[in-house]
Protein chains: 2
Amino acid sequence: MESRVGISVTLEVVCGKWKGLILWKLLQDESLRFNALRRSLDGNISSRILARELKQLMNDGLVERIDHQTVPPHVEYRLSSYGRSTASFLHAMNQWGIKHQEEMRAVQSYPGRTGDESTP
Amino acid sequence: MESRVGISVTLEVVCGKWKGLILWKLLQDESLRFNALRRSLDGNISSRILARELKQLMNDGLVERIDHQTVPPHVEYRLSSYGRSTASFLHAMNQWGIKHQEEMRAVQSYPGRTGDESTP
DNA sequence: CGGCATCCCGTCCGATACTG
DNA sequence: CAGTATCGGACGGGATGCCG
């Protein structure tokens with residue numbers, strides 16, 4: 001029954017351009033409103049995309065939505081206690097990503113690896 | 001300049017349905033031939049996709065290709081020493097993925113969360 | 001403020017067939 | 001055995017506009 005590899009499951013949850021980043025921000029900031037989260041994300045995520053990603057994360061039980069039922073609306077998003085467990089691999093991914101950037105820069109400085117991206 | 005979050009970089013490398021799995025297999029098996037790797041992957045990855053993923057992983061310096069220059073062809077793929085460093089987060093992702101499966105099963109047994117997947 | 005509706009495009013992914 | 005060529009569908013992601 002262990003045919004399903006954990007990696008695949010995790011990738012289904014955090015894959016894509018934004019989900020990992022959203023979880024990362026919520027790990028740091030504890031609680032964020034929709035547009036605050038939106039602006040805190042690197043460049044420019046459209047509200048449509050952010051809403052969709054948040055829905056999926058909620059569906060996976062990682063993110064909780066607190067609607068204060070006020071006018072104008074005040075909605076907060078935060079990680080569930082279970083969502084916080086993603087820190088276990090997100091930290092590792094972050095560390096590795098930072099190192100990878102440096103590695104790639106170094107490699108490109110010494111063009112002795114494959115030098116192939118110019119071969120169509 | 002630290003606007004670039006490590007998570008994003010890592011996701012660019014590992015994201016998608018197969019890349020994480022491929023790295024995972026190569027972490028376990030040390031060296032695999034094309035079709036052996038292909039068959040070892042969960043279900044059914046087409047050779048076209050596998051070839052593309054391997055190219056991208058090679059381009060990122062994670063996978064090395066050893067062509068034995070024989071007829072019939074004998075090509076092996078293995079992780080570079082740098083590629084092995086992905087173990088740092090792949091293990092964490094695997095652990096979490098396995099637990100997540102159980103968690104999701106438990107949640108679905110107690111339909112008190114959102115109970116909306118039946119709404120088309 | 002916090003979304004949803006629409007349109008649109010590029011990429012991902014799969015099946016099949018074919019080559020050296 | 002180790003791929004490439006071609007086709008096509010599905011999905012992710014972005015731009016814009018509107019609504020409660």
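Labels below follow one simple rule: chain letters A, B, ... track the order of the sequence lines, proteins then strands, and each chain is numbered from 1.
- Following rounding to the nearest Å, B:Leu50 (CG) and C:dA15 (P) show an atom-to-atom distance of 14 Å.
- Over its full length, the helix from C:dC1-D:dG20 to C:dG20-D:dC1 turns its helical axis through 40°, comparing axes from the five pairs at each end and rounding to 10°.
- Residues that satisfy the side-chain hydrogen bond (donor to acceptor under 3.5 Å, both in side chains) test with A:His100, not counting sequence neighbours, are B:Tyr82.
- Taking the six-membered ring for Trp and the full ring otherwise, A:His91 and A:Trp96 have centroids separated by 6.0 Å or more.
- Among residues at least two apart or in separate chains, disulfide (SG to SG under 2.5 Å) pairs with a member in residues 11-104 of chain A are A:Cys15-B:Cys15.
- For residues 31-96 of chain B, there are no disulfide (SG to SG under 2.5 Å) pairs, not counting sequence neighbours.
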Mind listing the side-chain donor-acceptor pairs of residues 68-76 of chain B below 3.5 Å, one per line with the distance, residues two or more places apart or on another chain?
{"unit_1": "B:His68", "atom_1": "NE2", "unit_2": "B:Glu76", "atom_2": "OE2", "d": "2.9"}
{"unit_1": "B:Thr70", "atom_1": "OG1", "unit_2": "B:Pro72", "atom_2": "O", "d": "2.9"}
{"unit_1": "B:His74", "atom_1": "ND1", "unit_2": "B:Arg33", "atom_2": "NH1", "d": "3.3"}
{"unit_1": "B:His74", "atom_1": "NE2", "unit_2": "B:Glu76", "atom_2": "OE2", "d": "3.4"}
{"unit_1": "B:Glu76", "atom_1": "OE1", "unit_2": "B:Ser31", "atom_2": "OG", "d": "2.4"}

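- The distance from the CD1 atom of B:Ile7 to the CG atom of A:Leu23 is 8.5 Å, given to the nearest 0.5 Å.
- Distance check, rounded to the nearest 0.5 Å: CD1 of B:Ile45 to CG of B:Leu37 gives 7.5 Å.
- More than 12 non-hydrogen atoms from other residues, nucleotides or ligands lie less than 6.0 angstrom from CG of B:Asp67.
- Sorted pairs that involve residues 40-106 of chain A and meet disulfide (SG to SG under 2.5 Å), not counting sequence neighbours, are lacking altogether.
- Shown here are the salt bridge (Lys or Arg N to Asp or Glu O under 4.0 Å) partners of A:Arg84, two or more places apart in sequence or in another chain: A:Glu30.
- Screening residues 38-106 of chain B for disulfide (SG to SG under 2.5 Å) gives no qualifying pairs among residues at least two apart or on separate chains.
- Contact of the A:Leu50 side chain with the A:Ile22 side chain is registered, since non-hydrogen atoms from C-beta on lie closer than 4.5 Å.
- A:Ile49 has its CD1 atom 13 Å from the C1' atom of C:dG10, to the nearest Å.
- In this structure A:Gln95 satisfies the side-chain hydrogen bond (donor to acceptor under 3.5 Å, both in side chains) test with no other residue, sequence neighbours excluded.
- Here C:dG14 presents its C1' atom at 15 Å from CG of B:Leu41, a figure rounded to the nearest Å.
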Dump the pairs, protein N or O against N or O of nucleotides 2-6 of chain C, anything under 3.5 Å, distances to one decimal.
{"unit_1": "C:dG2", "atom_1": "OP1", "unit_2": "A:Arg33", "atom_2": "NE", "d": "3.1"}
{"unit_1": "C:dG2", "atom_1": "OP1", "unit_2": "A:Val75", "atom_2": "O", "d": "3.4"}
{"unit_1": "C:dG2", "atom_1": "OP2", "unit_2": "A:Asn35", "atom_2": "N", "d": "3.1"}
{"unit_1": "C:dG2", "atom_1": "OP2", "unit_2": "A:Asn35", "atom_2": "ND2", "d": "3.0"}
{"unit_1": "C:dG3", "atom_1": "OP1", "unit_2": "A:Arg65", "atom_2": "NH1", "d": "2.4"}
{"unit_1": "C:dG3", "atom_1": "OP2", "unit_2": "A:Arg65", "atom_2": "NH1", "d": "3.4"}
{"unit_1": "C:dG3", "atom_1": "OP2", "unit_2": "A:Tyr77", "atom_2": "OH", "d": "2.2"}
{"unit_1": "C:dC4", "atom_1": "OP1", "unit_2": "A:Lys55", "atom_2": "NZ", "d": "3.0"}
{"unit_1": "C:dC4", "atom_1": "N4", "unit_2": "A:Ser47", "atom_2": "OG", "d": "3.3"}
{"unit_1": "C:dT6", "atom_1": "O4", "unit_2": "A:Arg48", "atom_2": "NE", "d": "3.2"}

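- The stretch residues 7-22 of chain A has no heavy atom under 4.0 angstrom from DNA chain C at all.
- Contacts between chain A and DNA chain D, taken as any atom within less than 4.0 angstrom of a protein heavy atom, begin and end at D:dG12 to D:dG20.
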